[in-house]
Amino acid sequence: MLTAAAAPRVHVLQFSMAKCPMTTTWTAQFAREVMNTSALRQIVDFEQSYVGGDIGEGPVNESNWMSCFHGDSECRGHRVMLCAKNVSRATDPVDYRWFDMISCMNGPKGIAGVTYGLPTSIPNNAPKCASQVGLDWAAVSSCANGTQGAQLLHDSHFRTMALFAAHGGYDPAGHGYRPPLIPNIWIYDADGQPAEYN
């Protein structure tokens with residue numbers, strides 16, 4: 001008996017700053033229009049790559065990769081979000097509870113999380129959001145506050161830089177991603193090549 005191979009998921013990559021109003025509102029809209037629909041959620045391979053560097057736009061190096069445009073709370077948010085994905089995917093490669101946690105942290109319209117110092121601010125709201133989506137907050141927190149979280153942040157910031165360098169470069173040279181708009185969204189074609197839009 002012949003069976004058809006499962007169609008590959010549509011690879012969508014979002015370049016993100018955790019406390020950027022445009023990033024969070026885009027993610028909130030993507031959640032409403034795509035990820036909250038079971039049939040669409042099952043065909044999307046969604047991921048985020050975070051932006052870092054001296055002023056949060058790159059390029060990054062071994063002395064500035066731990067910096068973020070919106071300050072330390074944004075970098076802590078990046079670590080929490082990366083670790084949430086790590087915990088979520090530990091036993092299931094298509095578990096999207098990490099995305100649900102990020103959506104919760106952003107707030108329903110994508111603005112609540114970009115505030116500072118409030119219980120609803122990123123990353124202060126992470127424990128509540130982890131509990132809401134059924135992720136083990138102790139595991140996420142342990143990762144985010146340890147060497148694993150630091151490594152995930154390092155790798156994500158460097159990956160963003162490498163991808164932008166490979167598909168656009170820097171403008172002006174040595175400063176800023178081109179295109180400079182965040183969030184920047186890439187949808188990959190069947191050949192694994194990204195088509196970008198802002």
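Just the heavy atoms: all of them, side chains too, but no hydrogens, waters or symmetry mates, feed the values below. The shown structure was predicted, so the numbers you read here are calculated from the model rather than taken from an experiment.
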Rounded to the nearest 0.5 Å, what separates atom [atom1] in [X] from atom [atom2] in [Y]?
X	Y	atom1	atom2	answer
I102	T24	CD1	OG1	11.5 Å
R97	K85	CZ	NZ	14.0 Å
D95	L135	CG	CG	6.5 Å
N184	M22	CG	CE	12.0 Å
S121	K19	OG	NZ	5.0 Å
N106	M81	CG	CE	5.5 Å

Indicate yes or no: at least one non-hydrogen side-chain atom of [X] is less than 4.5 angstrom from one of [Y].
X	Y	result
H70	I122	no
H78	C68	yes
F99	V44	no
V114	C20	no
M35	S103	no
N124	L118	no
Y116	S73	yes
E33	L40	no

Which residues pass the ring-ring contact (aromatic ring centres under 6.0 Å, His included) test with [X], not counting sequence neighbours?
X	answer
H11	Y188
F15	F164, W186
F158	H154

(request) Look at E47 together with R89 and state whether they make a salt bridge at an N to O cut-off of under 4.0 Å. (result)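 Salt bridge absent between E47 and R89.
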
Closest heavy-atom contact between [X] and [Y]?
X	Y	value
T27	Q48	OG1-NE2, 3.9 Å
A28	P108	CB-O, 3.8 Å
S16	T23	CB-CG2, 3.8 Å
A18	E74	N-OE2, 3.3 Å

(request) Go through the structure and list residues passing disulfide (SG to SG under 2.5 Å) with C104, not counting sequence neighbours. (result) C129

(request) Using the test salt bridge (charged side-chain N to carboxylate O under 4.0 Å, His left out), find all partners of D155 that sit at least two apart in sequence or belong to another chain. (result) none

Run the side-chain donor-acceptor check on residues 141-150: report pairs under 3.5 Å with partners two or more places apart or on a different chain.
unit_1, atom_1, unit_2, atom_2, d
S141, OG, N145, ND2, 3.1
N145, ND2, S141, O, 3.1

(request) Decide whether Q42 and S38 meet the rule of one side-chain donor and one side-chain acceptor closer than 3.5 Å. (result) yes

(request) Return yes if some donor-acceptor pair links the side-chain N/O of T25 with the main-chain N/O of G110 below 3.5 Å, else return no. (result)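 Side chain of T25 to backbone of G110: no pair is present.
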
